Amino acid sequence: MDDDKLLAILESSQEGEERGLGPEERDPAETLGRLSDDALIEYMTNLSQGARKDFTREEYFRDKEIKQRERDEATRAGLGRANAPIFAGCTIYINGYTKPGRLQLHEMIVSYGGKFQHYLLAKKKVTHIVATNLPLKKRLEFRNYRVVRPEWITESIEQQKLLPWQDYALSWDQEQRSLQLKVASAPVSSAVDCKDPNFLKTFFENSRLHHLSNWKADLRSRFLSEGFNKPSPGDALSIFHIDFDCFFATVAALGCESCDINRDPIVVCHGSKSSDIASCNYVARKYGIRNGMWVSRAKSLLPPGVELVSLPYNFKEIEEKSKIFYTVLKEYKIKFDLILPISIDEAVCVVIDHHTPHPIDRDEICRELRSEIWKRTGGCTVSIGCSNTLVLARLNLKIAKPNGYHILTQQQLVENEADWHSYLGKFQIDDLPGIGYSIVSKLRSLRQHLNNLLQLKQYFHNSLPLLQKCVGKKTGSKILMYLHGKDDEESSRMIFEPESFFARKSLSIEINWGIRFDTVQEIDNFIDTCADYLVQKLQEMNKRTSQITLKVLRRCADAPIEPPKYLGCGECDALSHNCRLGIPTSELGVIATELKSTFRLLGCPPKDLRGVSIQFNKLIEVSYDQNENQQRLKLPFQKTLNFDVFDNLPSDVKNDFSKELKRRNIVLTSSPRPKTSYAATYEEKFMEELPTQIRNEVKNDLRINRKITRTKLSELREQNRKKKESIRNVRAHLLGHESLFEPIKFQKESRFKDICRIVMEWFDATLIEGPHEKDLLLFENYLDKLSDSNRVPLILRFSKLISVRLNLKSNQYGQEAGFQEWEQFLLKNVIPKLNKNKHTFQTVRKLDIDFDI
DNA sequence: CATGTGTGGTAGC
DNA sequence: ATCGCTACCACACATG
């Protein structure tokens, strides 16, 4: 189901009014407002059953086609400079989801001389069908047609000539063929250009941090699905913190015949200069090389004559070794009560002391585990820190590394103050878990030469308030606990409440490398790809989200366009914005629309974008609650749909709806009035597809509508009628019709369509030298009026219009001053207006002022 | 004071 | 060349 069809339905509801229905039918809402919910459903059913039957399928479509043709002609006429009529003689139909989207393709086809067919009614007229993939049924249906991929359109325009459609024919076994192509070309081309649709995939395949995060998530979910014994607070515990020594480097070295991990300085990385070192062995560390350092810096640390050995990642082998590691832990003769996954190569194993008949031999456990892992992995060493608190197990691990183990309990350590102090003296402050660069520098700002934990303890002298003032309330008390060898509440959760600790509460991705875009359209496409990736995961988890956040990295004003790191993000400002969806969803359409709209709110110039992050914040389990739809039916905004029009749609269109509902996993209860359910859900879907900002506006309008229809005082009736008319007027604007009431004029035109045409002519004429400042002011003034009278959706349409056009012209005019001025104008003057009228009370007030006269 | 938002920090190699 | 992820907590501040 696409926007065009949605619009078609709603437009046909408008047409119904134009066809001169009686006042009663014209506005069912007036009657509906006074009825109870049950009576309402009854009423709707009657309404739809009593609807006119003479509205045939052919009439409906012919009417639509004529209107569409007119619109296309207008668009074409609106082009100042005629584009080459590349698609002259072609009548093109678009099937299903495509990239670029249907609207963009439509625009391209029409502006380059082609005809666009909205419906496949008259198949004979259609010369080409555009699709990216087809369900089996459609394959049969289209088997005698020229079915092409969307690239046929875009590349024909790029090359300014009609390319042979055969080269873009959609192979029925598209998936297989593209797979073959990928396999064949994988070693040669890695999509390093973020505009490439495969960029995300190749990037993730090669990103160590992505792998680490993904592995961790997998391990956590596996942990939750397996059994464990939960200790109670107060239980005596033996905690083994087990961790591979320079894991990636060891694995890489094992796969490298010619190198010796005990002799050569080895690093794992992709490149040779600004590439991050994922892991380095202890030989390299001897020279001061560290994980995370750039290769160029590492090289500079080596004395002359010593060569750095750079090895590539071997993610597959890493997974294999890790699998062995966790298997050894699981199969060990002493059953661990908990095997807590920390990372791909790191786990915390817990024995509840009273669960074993005899006191366990911790020394033996450490030795046996280490040798078993070494044997089974073919030469990987792990180190083990053992204690009875998490923090001390971790600190002991630090001492144990590399290739050793260390066992000391809290009692042993803290009993003797002198021993405890000398122990603390061995550690840096950021050796404490959860304490990093930033907190250390906060502490240092209070006292410069804090180097080890002993100094930290002595300086703060158990003065909690001072510490808390410096680093924050929780962090302060956490540090103080650590300085007594105890775990704070938050870290203890891992042991005592593992279910909640390891449960997933959010889902996100983030890409801060290789991001270089020119236009909003390209970014939209990228956001689509990301949203698709995330939604797929969300659906696999059987969850929905009700709040999403978009975070963006924008190049700092004074940062160079290209940072020192190749395709890195460089110095950036992070901007983020979250939006609530009202109803939890896992639908790509809703989510992607919302994200793209949110991106515009953040106001980041496309060329300055350096990073993108998308988060699903509030996750809920999908429930097949039978009542869900019942509740939904009670939402007020659903009651204004003209059901008679819906009911008069051709039956195959209605079938499409129901299929679509099924596809989207909307469960319909066996309602006695399924038509009503479909219809009600249907408008709701339309609403959900709108960005929240606009959705709220519309909802609010409808809410007001309902409120007004409930008013019974007769002296207000006339006033109310006017109000309703004006509200309908707002709705008409949403659909792009001309205003029926108090039209706002621009250049003496008041019809939206005409204004669009003028703006487009103006746009095309000024692409090179740029629009005149005074004209821009006039236009902005018009936009402000739209904004003030609550016609934000119209502004959105202008934004889309301009941005689609910019994209279309970017090849030819991208470098022109005029083009760039328009781009700036769109970003700085048009899009911000979409965010106006944010508060509903304003909307109410404005409606009263504007229309109550 | 309770709640929500945007920002920032940390961990794993 | 190069693959600077991602979940989660804590904080500062705004809002009412």
Side-chain angles (χ1 to χ4, degrees), chain A residues 190-192 194 199-217 219-220 243-252 267-281 290-296 312-313 315 318 322 341-347 394 430 432-442 468 471-476 478 488 490-491 493 501-515 534 547 549-551 553 563 565-570 572-580 602 610-611 613-617 619:
Chain A
S190 61
V192 86
C194 62
F199 170 74
L200 193 70
K201 191 168 163 285
T202 35
F203 173 66
F204 279 169
E205 275 168 7
N206 292 294
S207 163
R208 72 188 197 284
L209 294 174
H210 169 77
H211 277 107
L212 283 169
S213 292
N214 249 12
W215 287 327
K216 184 172 179 166
L219 288 165
R220 283 174 164 228
D243 181 288
F244 281 72
D245 300 322
C246 52
F247 187 42
F248 282 22
T250 307
V251 173
V267 298
V268 174
C269 55
H270 283 294
S272 60
K273 230 187 99 209
S274 67
S275 175
D276 275 19
I277 291 171
S279 177
C280 60
N281 68 349
R290 293 288 177 271
N291 289 357
M293 209 176 248
W294 285 3
V295 177
S296 56
Y313 294 84
F315 293 118
I318 284 166
S322 167
I342 306 297
S343 139
I344 183 80
D345 74 320
E346 185 178 349
R394 183 177 282 273
D430 57 6
L432 292 176
I435 309 301
Y437 169 84
S438 171
I439 292 173
V440 170
S441 69
K442 275 184 195 164
Q468 287 180 326
V471 296
K473 208 165 147 50
K474 293 234 175 179
T475 321
K478 179 164 82 176
D488 72 312
E490 178 54 32
S491 349
R493 274 186 54 225
F501 187 90
F502 288 104
R504 184 190 274 280
K505 287 133 209 141
S506 72
L507 174 67
S508 72
I509 58 168
E510 122 170 42
I511 305 94
N512 299 324
W513 185 88
I515 300 297
L534 277 175
Q547 185 183 38
T549 302
L550 181 72
K551 191 179 93 180
L553 292 190
K565 186 183 180 73
Y566 176 66
L567 287 181
C569 59
C572 286
D573 294 322
L575 313 167
S576 74
H577 187 81
N578 95 43
C579 50
R580 288 171 177 258
L602 288 174
R610 290 291 178 273
S613 157
I614 298 171
Q615 298 157 36
F616 295 172
N617 298 319
L619 302 184

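FYI, side chains are in, hydrogens and waters are out, and symmetry mates aren't considered; it's all heavy atoms of this structure. Naming: A, B, ... by sequence-line order, numbering from 1 per chain. All values derive from a computational prediction rather than experimental measurement.
- The phosphate of C:dT6 (OP1 or OP2) has no side-chain N or O of A:Ser508 nearer than 4.0 angstrom.
- Counting heavy-atom neighbours within 6.0 Å of A:Lys473 NZ, excluding the residue itself, gives a total of 12 or less.
- At whole-Å resolution of the value, NE2 in A:His211 and C1' in C:dT6 are 14 Å apart.
- Taking the six-membered ring where the residue is Trp, A:Trp215 and A:His211 present tilted rings, their angle falling between 30° and 60°.
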With sugar-phosphate taken as primed atoms, P, OP1 and OP2 and all else as base, the protein-contact string of nucleotides 10-16 of chain C at under 4.0 Å (heavy atoms; B, S, -) is SS-----
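- With hydrogens and angles ignored, a donor-acceptor pair closer than 3.5 Å exists between the side chain of A:Ser213 and the base of C:dC5.
- In this entry the distance linking CG of A:Asn206 with P of C:dA1 reads 12 Å, nearest Å.
- Map A:Arg504 and A:Tyr313 each onto its nearest nucleotide of DNA chain C; the residue landing nearer the 5' end is A:Tyr313.
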Report the secondary structure of DNA chain C in dot-bracket form, marking unpaired bases with a dot and bases paired to a different strand with |, and treating Watson-Crick or G-U pairs with both distances under 3.5 Å as paired.
....||||||||||||
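- Within the 4.0 Å cut-off from OP1 or OP2 of C:dT2, not a single side-chain nitrogen or oxygen of A:Arg208 is found.
- The separation between A:Arg290 atom CZ and B:dG12 atom P is 15 Å, rounded to whole Å.
- Taking atom CG of residue A:Leu602 and atom P of nucleotide B:dT7, one finds them 8 Å apart after rounding to whole Å.
- Phosphate proximity of B:dC13 to A:Ser343: absent, as no side-chain N or O sits under 4.0 Å from OP1 or OP2.
- The shortest distance between the side-chain N/O atoms of A:Ser576 and the OP1/OP2 oxygens of B:dT7 is below 4.0 Å.
- A:Lys565 and A:Asp276 are joined by a salt bridge, as a carboxylate oxygen and a charged side-chain nitrogen come within less than 4.0 angstrom of each other.
- Counting any heavy atom pair closer than 4.0 Å across all strands shown, A:Gln547 reaches sugar-phosphate atoms only and no base atom.
- A:His210 has a side-chain polar atom (N or O) that falls below the 4.0 Å cut-off from OP1 or OP2 of C:dT6.
- Among the nucleotides B:dT10, B:dC13, C:dT2, the one closest to the side chain of A:Tyr437 is B:dT10.
- Contact annotation: A:His577 reaches the phosphate of B:dG6 (side-chain N/O to OP1 or OP2, under 4.0 Å).
- For the pair A:Asn617 CG and B:dG4 C1', the computed distance is 12 Å after rounding to whole Å.
- Residue A:Asn512 has a polar side-chain atom (N or O) positioned under 4.0 Å from OP1 or OP2 of C:dC5.
- In this structure, A:Ala347 reaches neither bases nor backbone, as no heavy-atom distance under 4.0 Å exists between it and the strands shown.
- For the OP1/OP2 pair of C:dC5 and a distance below 4.0 Å, the side-chain nitrogens and oxygens of A:Asn214 include no atom meeting the criterion.
- For the OP1/OP2 pair of B:dG12 and a distance below 4.0 Å, the side-chain nitrogens and oxygens of A:Arg394 include at least one atom meeting the criterion.
- Listed pair A:Ser272 / C:dA1 meets the phosphate criterion, a side-chain N or O lying under 4.0 Å from OP1 or OP2.
- Among the heavy atoms of the strands lying under 4.0 Å from A:Ile511 are primed sugar atoms or P, OP1, OP2 only; no base atom is included.
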